[in-house]
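Taking it in order: structure first as structure tokens, then the write-up.
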Amino acid sequence: FEGRDLNPLLQDFALTIHPPILYAGYVGFSVAFAFACATLIEGRLDSAWARWTRPWTLAAWLCLSIGIALGSWWAYYELGWGGWWFWDPVENASFMPWLAGTALIHSLAVTEKRGLFKSWTILLAISAFSLSLLGTFLVRSGVLVSVHAFATDPARGLFILVFLSIVIGGALLLYAWRAPGMKSAAGFELAARESFILFNNAFLVAALALILLGTLYPLFMDALELGKISVGPPYFNLVFMVPMLPLLLTLGIGMHTTWKRSRLQPLRNRLLGIAAVALVIALVAGAAVYGEIRPMATIGFALALWVIGSSLMVPLARLRAGQALPGAVLGMAVAHFGVGLVTLGITGVQSFKIEQDVALAVGDAATIAGYDFRLTALREVPGPNYVAVEANVLVSQDGETIATLHPQKRLYNSGGNPLTEAGIEVGAARDLFAALGEDLGGGRWSLRLQYKPLIRYIWLGALLIALGGGLAGLDRRYRRAGKAEPALGTAGAEVTLMKQSLRYLVPAALFAALVGFFIIGLQKDPSEIRSLLIGKAAPVFSLESLGDHAVRVGTADFAGRPWLLNVWATWCGGCRQEHETLLEIAREGRVPMVGLDWSDERALALQWLAQLGNPYVSVAFDPEGRAAIDWGVYGAPETFLIGVDGKVLHKQIGVMTPEIWRRDFLPLLTAPGEGS
């Protein structure tokens, strides 16, 4: 009578506007792409082209920035995990064109002002829209496993692949034909603004390439039938930081340089002063506010404050000199100030967050980060299309009441879908987060409590980044006509250049290879769990026990009998979702289950099992992920069934459910000569 209802996760304002805003960003890059193709066809690239293209690019980039920020904000408060970024393939699909667009708007500034970086700017314009199309393919085709991919339809994926092959392949061939003629005799000094934009473009593209590699690497391995390799948050967190640290350092300097020739000597004392103040505040914040000095946290805080201070210097210096403040300059300062705030927020939450899963009955309390969380009441609350169990959680510090949180566990009428609605106390320096979990029996409920320092600055900074893009796009010089330059040259000269510049074919060749891998991926059935280990001997491992450094856990412990290996981690949302099913399997007692704690923190993992229950007979600790690589793990959770002969009988990628257990695992356990 009520209909099927919208997925409860999507019944939220942020998710109402998140997709169309993202869509505007993706499609907006098609304008820059069209300008690039038009100028390549015409054979003319001048400052007017860059001036026409830049405001459209800024508008698309602004929409994409807001759309990504909305998705991150929604994931934080709606999913109940308290996370803001998970490096899921679909999240990466939106972040990669944003990185390309960021490089593009800076490269356009150089092309517009100095007539430099022409071929590079064209390639970035093609890449930004190409990555948007690539994201569509990844989301819709099912070639990659994702927690929120929208389809697993190879037929639809083939249509999209043909479309993007024509569009992207044609543009890259056009680029290879025309780009060799895009030369400029203009030069610039090492300390000039052009150099710093070039450096930052290199860092942005390096970050993009590393994310693209991590996103597609499992597909490459699978297409080459080399098995699967695990690529999760530990990889992305590490490799993304490598180009970002030098980018933030050069960002603070590049804002103060001038075009063509620049002297940093007059600014040296001022910049060194900002750097010194930033470092001192970072050290004091770690020691006085958070109780310890951590090297990476100190570097992150110092770089964040360095960028913030440097961005404030730009408008202040102009105002002090009585100079006008154009929209582009103001937009640059605001956007870079936002980058500093985002860096501040990420550093604070990643370095000093505290998460704890507890089991509380009414009247019980738990303490994290000096805050007492007391469960004072539980009651049933009716909603418009759901029934919820709501908890009253009183938060206090040193006997003084701070807030009362009301986390809910909702059960929707249509389909019986559950949803966790977190209770959050917002503060300028931290968030206090409580999410209600499952009824553990005996009047006790599981609660996830979190202390999130500076997390709000992530989204505040993202909004300022978008605002800066909007201010730059409104600069009045973009509404003035530009001076045209001569065409690139004659056709004969272009053919000669083409013969001498085969390197311009490299992007087209790389794209052709990528399409080949996608075609192989589409031929595989996405509903099947593919693993080269099926029917082969299980990879041998011997690792430290999670609970005891002196005890080893390995495959030899279970020789001659069937057993399960479950790969999990505390950062894995699906692992929490399947945990109750694993406890039920353990209670059945049909087969022992071994846990492989993958790329995790020992203390958090022990706390997880203490609060949620331990379904494992033993847990192997794999902090570096080496055993997971041998087992071809794609991403947590994964579950393997190993038979009495030591061979892998089945592999489940993703959340284990009672239906999957009964359908795929139990028949193998009861088959003669197999599991039993």
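Here the structure is a predicted model, which is why all the values come from computation and not from measurement. Note that these values count all heavy atoms, side chains included, but never hydrogens, waters or copies made by symmetry.
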Taking the inter-plane angle between the rings of Trp85 and Phe95 on a 0 to 90° scale, is it parallel (under 30°), tilted (30 to 60°) or perpendicular (over 60°)?
perpendicular
What distance do Ile126 atom CD1 and Cys37 atom SG have between them, rounded to the nearest 0.5 Å?
5.5 Å
Is the number of heavy atoms from other residues, nucleotides or ligands under 6.0 Å of Trp56 CH2 greater than 12?
no
Looking only at heavy atoms, which two atoms of Gly469 and Trp61 are closest? And how far apart?
CA-CZ3, 3.7 Å
Verify the ring-centre separation between Phe433 and Tyr76: is it less than 6.0 angstrom?
yes
What are the two closest heavy atoms between Ala60 and Phe29, and how far apart are they?
CB-N, 3.6 Å
Can you check whether Leu161's main-chain N or O pairs, donor with acceptor, with Ser165's side chain at less than 3.5 Å?
yes
Looking only at the aromatic ring of each residue, does the gap between the centers of Phe240 and Trp87 stay below 6.0 angstrom?
yes
Within this structure, what is the CD1-CD distance for the pair Ile211 and Glu91, rounded to the nearest 0.5 Å?
11.0 Å
Output the distance between atom CG (Leu419) and atom CD (Glu78), rounded to the nearest 0.5 Å.
5.0 Å
Give the C-alpha distance, both sets of side-chain angles, the deciding distance and a yes or no for side-chain contact (heavy atoms from CB on, under 4.5 Å) between Thr53 and Leu108.
CA-CA 8 Å; Thr53 305; Leu108 279 167; 4.0 Å; yes
Can you tell me if Thr16 uses its side chain to pair, donor with acceptor, with the backbone of Asp12 under 3.5 Å?
yes
Any idea which heavy atoms bring Gly348 and Leu454 closest together, and the distance?
CA-CD1, 4.1 Å
If every non-hydrogen atom of Gly214 is compared with every non-hydrogen atom of Tyr235, which pair is closest and at what distance?
CA-CE2, 3.6 Å
Taking the side chain as every heavy atom from C-beta outward, state whether Leu70 and Ile17 have any pair of such atoms under 4.5 Å apart.
yes
Between the CD1 atom in Ile308 and the OH atom in Tyr457, the distance rounded to the nearest 0.5 Å is 9.5 Å
Against Asp431, only a single residue in Gln450, Arg456, Lys353 fulfils side chain to side chain donor-acceptor pair (under 3.5 Å); can you say which?
Arg456
Closest approach of Val307 to Gly340 (non-hydrogen atoms, all atoms of both residues)
CG1-N, 3.9 Å
Pair Leu116-Thr111, side-chain contact (heavy atoms from CB on, under 4.5 Å): steps then yes or no:
CA-CA 5 Å; Leu116 296 170; Thr111 303; over 6 Å; no
Taking the side chain from His18 and the backbone from Gly67, do they hold a donor-acceptor pair closer than 3.5 Å?
yes
Distance col, row Phe35:CZ vs Thr121:OG1, nearest 0.5 angstrom, shows 14.5 Å
May I ask you to test the Met296-Gln350 pair for a side-chain heavy-atom distance under 4.5 Å?
no
Do Ile299 and Thr347 come close enough that some side-chain heavy atom pair is under 4.5 Å?
no
Would Leu251 and His336 count as a side-chain contact (heavy atoms from CB on, under 4.5 Å) here? Give the steps.
CA-CA 8 Å; Leu251 184 65; His336 290 170; 3.5 Å; yes
Test side-chain contact (heavy atoms from CB on, under 4.5 Å) applied to Ser130 and Phe511, step by step
CA-CA 10 Å; Ser130 299; Phe511 176 70; over 6 Å; no
Quick check: closest heavy atoms across Met255 and Arg193, and the distance to 0.1 Å?
O-NH2, 2.9 Å
Test item: Phe236 and Asn92 side chains (from C-beta on) under 4.5 Å apart, heavy atoms:
yes
Ser30 side chain to Val27 main-chain N or O, any donor-acceptor pair under 3.5 Å?
yes
Does the side chain of Leu22 come within less than 4.5 Å of Cys63's, by heavy atoms?
no
Taken to the nearest 0.5 Å, the spacing of Glu42 CD from Arg178 CZ works out to 9.0 Å
Kindly indicate whether the side chain of Leu216, heavy atoms from C-beta on, has any atom under 4.5 Å from the side chain of Leu138.
yes
Any side-chain heavy atom of Trp98 sitting closer than 4.5 Å to one from Ile465?
yes
Please check: side-chain N/O of Thr257 versus main-chain N/O of Ile253, any donor-acceptor pairing under 3.5 Å?
no
Does a side-chain heavy-atom distance below 4.5 Å link Phe129 with Leu164?
no
Checking the side chain of Thr215 only, and the main-chain atoms of Pro89 only, is there a donor and an acceptor separated by less than 3.5 Å?
no
Among Lys260, Arg114, Lys113, find the one that has a side chain to side chain donor-acceptor pair (under 3.5 Å) with Glu194.
Arg114
Donor-acceptor under 3.5 Å (Ser72 side chain, Ile68 main chain):
no
